[in-house]
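As a basis for the values below, the full set of heavy atoms in this structure was taken, side chains included, without hydrogen atoms, waters or symmetry mates. Numbers restart at 1 for each chain; the letters A, B, ... are given by sequence-line order, proteins then strands.
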Protein chains: 2
Amino acid sequence: MMRVQRLFFILDRLRARRQPVSAESLAEELGVSLRTIYRDMVTLQSMGAPVRGEGGIGYQIEKGYFLPPLHFDADELDAIIIGMRLVAARGDKPLADAATRASAKISAVLPEDMEDSYYDAPLLAYSVQPKSEEETIDFLSPVRTAVRDRAFIEIHYLNLKDQPSERVIRPLGLTAFEKVWLLTAWCEKSDDFRSFRIDRLQSVQRTGESFRREAGKEFRDYLKSL
Amino acid sequence: MMRVQRLFFILDRLRARRQPVSAESLAEELGVSLRTIYRDMVTLQSMGAPVRGEGGIGYQIEKGYFLPPLHFDADELDAIIIGMRLVAARGDKPLADAATRASAKISAVLPEDMEDSYYDAPLLAYSVQPKSEEETIDFLSPVRTAVRDRAFIEIHYLNLKDQPSERVIRPLGLTAFEKVWLLTAWCEKSDDFRSFRIDRLQSVQRTGESFRREAGKEFRDYLKSL
DNA sequence: GATACCCCTGACAATTTATGTCAGGGTAGT
DNA sequence: ACTACCCTGACATAAATTGTCAGGGGTATC
């Protein structure tokens, strides 16, 4: 009985991670011996699951699905519900609307009995709006799309000491902190990585040029160092 | 070994046929006894596969089991990604894991070209852990499942003035604020609605009893009044 | 060419599961 | 009442799973 659960768990796990998973970490997580994991892998492969193991690396699952994703369990549904509500509460209008739409699409594919509990779920998210709600121009969405399109933008920024500056940057990524969104970018002026708080932006404008992301790896390394 | 193949076969079979499949036909096809098929069904159900058996009909798989391909636009994808990462950052371990799994399942049903951008999306969520990270017992998940199951719980609570109390409550809902999770409940002792910060809970224990939600409407009204 | 990580395989005894059989009970439609 | 199913419990036997021990071999990094 334990075995079957384990096999499904392994599949799920390999699907979840892009990075290779070592047999040892699986063994530990599942409370079984290393040998058992190796045997499980043979079983999975013999059933046609596209799992590949490489020495010195770990296990990976090939793209394309051997088993279609299972339905969402109660915890996963909770995570989706609260996640979408968090975004709806903390994002700007376009992102909040998108969260609502995504939520609707997901609930549409749920079985009826789960669909009801999805909408009635007693999970809420609440967020205070950072500034006075009336006239705050929110730059989250323009910046977000600029990140997506890899478009250079020119910004007017007010740092935490209220010193204004103007610069052209490559917007690389966004991070949601407790209260603020942080934009990580490559600043052409400083020729280095810089972070900017979205709520301190005075203006955002695309220059029209776009960049290729040679900086991808460096960016990820930079993020890890934060 | 035979067992695992059988379970996968049954899943495949139920997905293939729209019409109900009888346990007997499965037993015959797989060369096992009827009893074994029934036991297999229990196993599948215990793994969260919504296979339904009806007397006089046969077995069928519920609609939401296999997620159909979903199409999300770029903004919706952003919302899902950041939402799941927010939950992963702010929930406790079970909820964070669930967010990761849900994320993987969603990405698995995306068209191929969208899948890459899903994983590479430069959107991150970061959250400071509220207490010292070592020995904080996290009550989010037990409370969350109690809300789901409508189970009475007995809690030891330390209010913001550090006054301890002990009470039996009906956990009604959870709200995620910037830094803390708030539990809204009906308190039997006070005979009124009360709110509790999850991080101030000292202990949580189910009484074993459960309640029906007559309080549903009142709860929603109460929440609106906050 | 060390070194550190990994994957992978075989064998064997102990334990845990799975299985068939027998004997019931339940439900829904006819 | 009948049919055609699903479902459950008990129990002895057969089969699979598991950990342990003892290896072999590949890949990347320094």
Review point. Counting heavy atoms not belonging to Glu154(B), are there more than 12 under 6.0 Å from its CD?
Key: yes
Check your understanding: What does Arg52(B) touch in the nucleic acid at a heavy-atom separation under 4.0 angstrom: a base, only the sugar-phosphate, or nothing?
Key -> nothing
Exercise for review: Would you kindly give the CD1-to-P distance between Ile57(A) and dA4(C), to the nearest whole Å?
Suggested key: 17 Å
**Study point:** Any side-chain heavy-atom pair of Arg200(A) and Leu160(A) under 4.5 Å
**Key:** yes
Practice item. For the side chain of Ser22(A), starting at C-beta, report the closest nucleotide among dG20(C), dC6(C), dA18(C). Key: dC6(C)
Review point. Given dC12(C), dG20(C), dC6(C), which nucleotide is nearest the side-chain atoms of Glu24(A)?
Key: dC6(C)
**Study point:** Those residues that, when tested against Asp40(B), pass side-chain hydrogen bond (donor to acceptor under 3.5 Å, both in side chains) (two or more places apart)
**Key:** Arg3(B), Arg6(B)
Revision key, fill the gap. Between Phe139(B) and Ile198(B) the two heavy atoms that sit nearest each other are C-CG2, 4.1 Å
Exercise for review: State, to the nearest 10°, the angle formed by the axis through the first five base pairs of the helix from dG1(C)-dC30(D) to dT30(C)-dA1(D) and the axis through its last five.
Suggested key: 70°
**Study point:** By salt bridge (charged side-chain N to carboxylate O under 4.0 Å, His left out) - contacts of Lys105(A) (at least two apart)
**Key:** Glu76(B)
**Study point:** Interatomic distance where CZ belongs to Arg6(A) and C1' belongs to dT16(C) [whole Å]
**Key:** 12 Å
Check your understanding: Which residue, Met2(A) or Val21(A), contacts DNA chain C at a nucleotide closer to its 5' end, judged by nearest heavy atom?
Key -> Val21(A)
Exercise for review: Taking Gln45(B) for its side chain and Val51(B) for its backbone only, find out whether a donor-acceptor pair lies under 3.5 Å.
Suggested key: yes
Review point. With sequence neighbours left out, what residues match Arg148(A) under salt bridge (charged side-chain N to carboxylate O under 4.0 Å, His left out)?
Key: Asp75(B), Asp78(B)
Check your understanding: Under the side-chain hydrogen bond (donor to acceptor under 3.5 Å, both in side chains) test, which residues partner Arg35(B), sequence neighbours left out?
Key -> none
Check your understanding: Nearest-Å distance, CG (Leu7(B)) to C1' (dT19(C))?
Key -> 14 Å
Practice item. State which of dT19(C), dC6(C), dC8(C) makes the closest approach to the side chain of Arg3(B). Key: dT19(C)
Check your understanding: Taking all non-hydrogen atoms of both residues, which atom of Ile153(A) and which atom of Thr207(A) are closest, and how far apart?
Key -> C-CG2, 4.2 Å
Practice item. Output yes when a side-chain donor or acceptor of Ser190(A) lies under 3.5 Å from a complementary backbone atom of Asp192(A), and no otherwise. Key: no
Point to revise | Separation of atom CZ in Arg35(A) from atom C1' in dC12(C), rounded to whole Å | key: 12 Å
Check your understanding: According to a strict under-4.0 Å criterion, is Tyr38(A) in side-chain N/O contact with OP1 or OP2 of dC7(C)?
Key -> yes
Exercise for review: Would you mind reading off the distance between Gln5(B) atom CD and dA18(C) atom P, rounded to a whole angstrom?
Suggested key: 14 Å
Check your understanding: Hey, which of these two, Gly56(A) or Leu34(A), hits DNA chain D nearer its 5' end, going by closest nucleotide?
Key -> Leu34(A)
Exercise for review: Calculate the interatomic distance between Gln19(A) atom CD and dC5(C) atom P; express it in whole Å.
Suggested key: 18 Å
Review point. How many Å lie between CG on Leu26(B) and P on dG20(C), as a whole number?
Key: 14 Å
Review point. How long is the line joining CZ of Arg39(A) and P of dT15(C), in whole Å?
Key: 16 Å
Review point. Quick one: how far along DNA chain D does chain B reach, first to last nucleotide 5' to 3', anything under 4.0 Å to a heavy atom?
Key: dA4(D) to dT17(D)
